*Asks:* 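Below: one structure in structure tokens.
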Amino acid sequence: MPELFRAAELELDLDVFAGPFDLLLTLILREEVDLLEVDLADVVLAYLDHLEGRGELDLEVATEFLVLIAALLELKSRLMLPRDEDDEWLDLEPGEAAEELLRRMLDARRYRRAATELEERLAAESGFRYRSAPPPPHLKRASLELAEAVYEPARLGAALGDLLAHPPPIDVDHMHVVHPRVSVAARLSHLRKLLRRGVFTFDEAVRDADRVTIATTLFALLELHKQGEAVWEQPEPFGEITVRARGGAAAQERAA
Amino acid sequence: MRDLERTLEALLFLSNDPVTVPELAEAAARGEGEIVEGLARLREEYAEGFRGIVLREVAGGFTLATDPSTEPAARRLLAKPRTPPLTPAQAETLAIVAYLQPVSRPEIARIRGVASDSATSTLHDRGLIEEHGRSQFGAILYRTTDLFLRLFGLNTLADLPDATQWDPTPEEEGELRDRLVRAGEARAGQAEQPAAT
Amino acid sequence: MRDLERTLEALLFLSNDPVTVPELAEAAARGEGEIVEGLARLREEYAEGFRGIVLREVAGGFTLATDPSTEPAARRLLAKPRTPPLTPAQAETLAIVAYLQPVSRPEIARIRGVASDSATSTLHDRGLIEEHGRSQFGAILYRTTDLFLRLFGLNTLADLPDATQWDPTPEEEGELRDRLVRAGEARAGQAEQPAAT
């Protein structure tokens, strides 16, 4: 009798968080856990471990997990990018993406070396100590008579105006996906329908689909392969993926 | 100057209070006799009337102090109000105190969306704000000082510029304090979003 | 020592922060040219390696400090460790602020590839960085402080070593690019493998 399980209950033991997946989500949404510090790959590994332990794939749970992790990945990738570059980044060609990545690696490297330099400098300097004793009280008395008007009152008004400004709203609607409209089961039946034609391309299978549907479809495709119903090939990276129905043998095995 | 005198000079320079011979002996890892001899040689270097700093033996031990002849200049340096340009953090903090006084640190932090202890301390050290009682929750309240009025060329607090002329969201209703807190909370919720460079 | 040097010595001794030439000129009631000459003569008196105190030019001003040779004794007397070293995260964050200032937390996170909030807060608490306005999205911008300059023995930010000297040669960069492309292809290849379930 398989115990009832939801992806939200997946127990996690990460560097920054230990507890069920849905609590992690809540804390991220409330900004009590910094998403940037969560290693999402570890969340996926925990899920895979869980799957291995159960020995079977619960499609509804898989879908829920997939949607949640996809939303987190998307949000995290947005957080890692400055907003003004966000859209450009998503539109980058693979070659440009590699260039962008290279530029970032070089930046990171430059400042790591600058950091080493600063650390050495600080060590060399720390032998110099400065006096911190307060001056004798009889010498230190800020005098009102010596005070001249040096500051502009307008500066205070302007600072107050800045503080009254509300920031532009940030769209976090994509985080509120709780009830996925797409399921692995639905995509499996979609793919099986296409398979009856014998061959189709992945692009056909996900035409006009949104990102979550594409991810779910890929997941369903992997499942078809595991069940021995389909094989595929992709002649080059980023090239077209062609999916073929596998010969009757596997199908018979399944029936047996 | 020998090693021991150099060390003694440095130790006296760093100490806020007079230092005793046993304390110096322990720090310099020498015998007390040696310390006394070293101090005698150092005292020659620091003979009064010769330098700007003098070595004094007072009740609690030995200490360095400025020569009385330099006091007029010292007073001019220290008594003149320090008025370096205000940093944005200081300007924001000072604006909050000026317009909402009396106001507590937690409230300043809430409006600015970030702890503002160092700005508050600097303004306090420079004499622009002062403590003025405690809130009902026990937090120290701050208000501006006479020096603040003088440095901003104001006669009274009523001469502060009308905030509405810099008000970017006039449609927001409510008291100034209320609106500041609301804007601060909205900012705190988003400034943390690293998407905002 | 002449009167002017005595006065300058006393002023530097009393002030905990570096003092600029104009501030010294005003306090000593002398011209700035005279002050510069007086400081030069004082500097000879305080030549490094000769006394326990040295005259330093840091953070845009002049200040007295103890000679590093006296550090062990000073540590024993004050029972205080010297400036604690920076963690690697703090050093990287500080380097980014030092070279790119003003810069926001999100930008630091983007360059380091990880959130750097606790490093930023620690650097802020230690007085090495300070707020300097807000970005257009309301994120607080940071820059380095005078204390940073002082602790790192710099007179101005221009004294920081040129960061481009750490950039890789064109050959190294080409090699890195090749590795990236290969890694990308390997990942793309794995995506075809059904093992990914």
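Here is how names work: the chains are called A, B, and so on, in the same order as the sequence lines, proteins then strands, and each is numbered from 1. As the structure is a computational prediction, the values presented were derived from the model and not from experiment. All values below come from the heavy atoms of this structure, side chains included, with hydrogens, waters and symmetry mates left out.
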*Asks:* Is B:Arg2 in contact with chain C via its backbone, its side chain, both, or neither, using a 4.5 Å heavy-atom distance?
*Replies:* neither

*Asks:* Which answer fits C:Asn16, side chain, backbone, both or neither, if we ask what part of it has an atom under 4.5 Å from a heavy atom of chain B?
*Replies:* neither

*Asks:* I'd like to verify something: which residue of B:Thr66, B:Val19, B:Leu12 has the highest number of heavy-atom pairs under 4.5 Å with chain C?
*Replies:* B:Thr66

*Asks:* By a 4.5 Å heavy-atom criterion (distance strictly below it), what part of C:Glu5 contacts chain B: side chain, backbone, both, or neither?
*Replies:* neither

*Asks:* What is the minimum heavy-atom distance between C:Arg134 and C:Ile140, and which atoms define it?
*Replies:* NH1-CG1, 3.7 Å

*Asks:* Under a 4.5 Å heavy-atom cut-off, does chain C meet the side chain of B:Glu92, its backbone, both or neither?
*Replies:* side chain

*Asks:* Flag the pair B:Arg30 and B:Glu37 as a salt bridge only when some basic side-chain nitrogen lies within less than 4.0 angstrom of an acidic carboxylate oxygen.
*Replies:* no

*Asks:* Given heavy-atom pairs under 4.5 angstrom as the criterion, report whether the side chain, backbone, both or neither of C:Val103 touches chain B.
*Replies:* neither

*Asks:* Measure distances from C:Ser15 to the heavy atoms of chain B and classify the residue's part below 4.5 Å as side chain, backbone, both or neither.
*Replies:* side chain

*Asks:* Test your reading of the model: is there a side-chain donor-acceptor pair from B:Thr145 to the backbone of B:Gly127, 3.5 Å cut-off?
*Replies:* yes

*Asks:* Taking everything shown except C:Glu26 itself, do over 12 heavy atoms lie less than 6.0 Å from its CD?
*Replies:* no

*Asks:* State plainly whether the residues B:Arg51 and B:Asp67 are in salt-bridge range, i.e. N to O under 4.0 Å.
*Replies:* no

*Asks:* Do you know which of B:Leu24, B:Leu11, B:Asp3 has the most heavy-atom pairs with chain C at a distance under 4.5 angstrom?
*Replies:* B:Leu11

*Asks:* Below 4.5 Å from any heavy atom of chain B, which atoms of C:Leu64 appear? Answer side chain, backbone, both or neither.
*Replies:* both

*Asks:* Would you indicate whether B:Glu130, at its atom CD, is surrounded by more than 12 heavy atoms from other residues, nucleotides or ligands within a distance under 6.0 Å?
*Replies:* yes

*Asks:* Where does B:Ala65 contact chain C at under 4.5 Å (heavy atoms): side chain, backbone, both or neither?
*Replies:* backbone

*Asks:* Hey, are B:Arg43 and B:Glu57 close enough for a salt bridge, meaning a charged N less than 4.0 Å from a carboxylate O?
*Replies:* yes

